[in-house]
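Numbers for residues simply follow the sequence, beginning at 1.
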Amino acid sequence: MQNQIYPCLWFDGQAKEAADFYCTIFKDSKITNDTPMVVNFEINGKKFMGLNGGPKYKFSPATSFVIECETQEEIDFYWEKLGKGGKYNQCGWLDDQFGVSWQIVPVILNKLMSDPEKSERVVEAFLKMSKFEIQTLIDA
């Protein structure tokens with residue numbers, strides 16, 4: 001397929017502020033176009049559009065962005081930066097200050113969940129967590 005598919009995020013007048021916020025957190029990120037109605041930006045080479053569409057629609061956890069992290073330091077970084085001014089939820093989920101939902105998860109989680117001997121204990125462990133703690137999951 002030749003056509004790119006990318007998300008359009010509907011903001012209530014905060015598209016530029018949100019794009020600036022995300023570009024300070026993610027390396028290799030930049031704003032590529034900025035108009036009063038639309039801000040186009042890239043995060044790690046992936047295109048996004050921020051639309052200043054007004055108050056009609058709100059974000060919900062039904063759509064979230066997943067960040068897979070190799071280390072606890074990465075989890076801690078994204079958890080702190082994206083969650084600042086927002087809301088921390090259970091099992092690695094957070095809503096940023098604009099209401100966008102994120103899942104900050106360790107890459108190893110899939111492997112742990114696939115282990116029939118550990119999977120139940122891993123689930124039991126992460127259901128008690130807000131931010132994922134890799135060592136606690138490994139030790140489960």
Side-chain angles (χ1 to χ4, degrees):
M1 183 166 114
Q2 297 278 341
N3 300 327
Q4 288 191 31
I5 297 173
Y6 57 92
C8 175
L9 304 174
W10 183 294
F11 294 95
D12 185 9
Q14 299 172 308
K16 175 70 162 74
E17 183 182 346
D20 285 337
F21 176 69
Y22 301 137
C23 287
T24 64
I25 294 171
F26 296 95
K27 295 177 184 175
D28 302 322
S29 299
K30 62 185 175 185
I31 293 174
T32 57
N33 187 40
D34 179 13
T35 71
M37 186 71 161
V38 173
V39 177
N40 297 99
F41 58 103
E42 293 181 6
I43 296 176
N44 297 341
K46 304 294 182 195
K47 287 177 66 170
F48 288 79
M49 178 192 302
L51 173 69
N52 285 315
K56 185 173 182 177
Y57 298 112
K58 304 288 181 207
F59 295 108
S60 109
T63 302
S64 62
F65 295 99
V66 179
I67 302 174
E68 288 187 321
C69 300
E70 293 283 343
T71 67
Q72 189 64 48
E73 290 77 24
E74 284 181 302
I75 289 174
D76 295 345
F77 174 83
Y78 290 114
W79 189 258
E80 178 184 321
K81 297 294 185 183
L82 286 168
K84 184 177 181 180
K87 178 184 172 194
Y88 296 106
N89 300 308
Q90 191 174 354
C91 303
W93 289 66
L94 63 82
D95 299 330
D96 68 25
Q97 63 184 321
F98 303 100
V100 176
S101 292
W102 298 84
Q103 296 180 57
I104 316 300
V105 299
V107 170
I108 196 170
L109 186 61
N110 285 332
K111 179 181 176 186
L112 295 171
M113 294 292 295
S114 298
D115 183 339
E117 293 181 24
K118 288 191 86 149
S119 63
E120 280 187 49
R121 293 190 311 272
V122 170
V123 170
E124 189 176 307
F126 78 62
L127 286 175
K128 297 174 185 171
M129 296 179 186
S130 183
K131 176 179 71 174
F132 277 117
E133 298 291 338
I134 293 174
Q135 194 59 54
T136 302
L137 296 173
I138 291 170
D139 293 343

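Note that CG of D28 and NZ of K30 are 9.0 Å apart. Values are rounded to the nearest 0.5 Å. How far CG of L82 is from CG of D95: 11.0 Å, rounded to the nearest 0.5 Å. Rounded to the nearest 0.5 angstrom, F41 CZ and T32 OG1 are separated by 9.0 Å. Atom CG of D115 and atom CG of N110 lie 13.0 Å apart (nearest 0.5 Å). Separation of atoms CD1 (I43) and CZ (F26) is listed at 5.0 Å; rounding is to 0.5 Å. For the atom pair R121 CZ and E124 CD, the distance stands at 9.5 Å (nearest 0.5 Å).
In terms of heavy-atom proximity, C91 sits nearest to L127 at SG-CD2, 3.8 Å.
One N or O on the side chain of W10 and one on the backbone of G54 form a donor-acceptor pair closer than 3.5 Å. Of the possible donor and acceptor atoms, one in the side chain of E74 sits under 3.5 Å from a partner among the backbone N and O of T71. Remark: the backbone N or O of E42 is not paired with any side-chain donor or acceptor of Y6 at under 3.5 angstrom. Side chain of S29 to backbone of K27: a donor-acceptor contact under 3.5 angstrom is found. Between the S130 side chain and the Q90 main chain, no donor and acceptor come within less than 3.5 Å of each other.
Relative ring orientation between F98 and F11 is described as perpendicular, the plane-to-plane angle rising above 60° on a 0-90° scale split at 30° and 60°.
For the pair D20 and K16, the salt-bridge criterion is met [side-chain N within less than 4.0 Å of a carboxylate O].
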Side chains of residues 58-67: which donor-acceptor pairs under 3.5 Å do they make with residues two or more places apart or in other chains?
{"unit_1": "S60", "atom_1": "OG", "unit_2": "A62", "atom_2": "N", "d": "2.9"}
{"unit_1": "S64", "atom_1": "OG", "unit_2": "Q103", "atom_2": "NE2", "d": "2.8"}

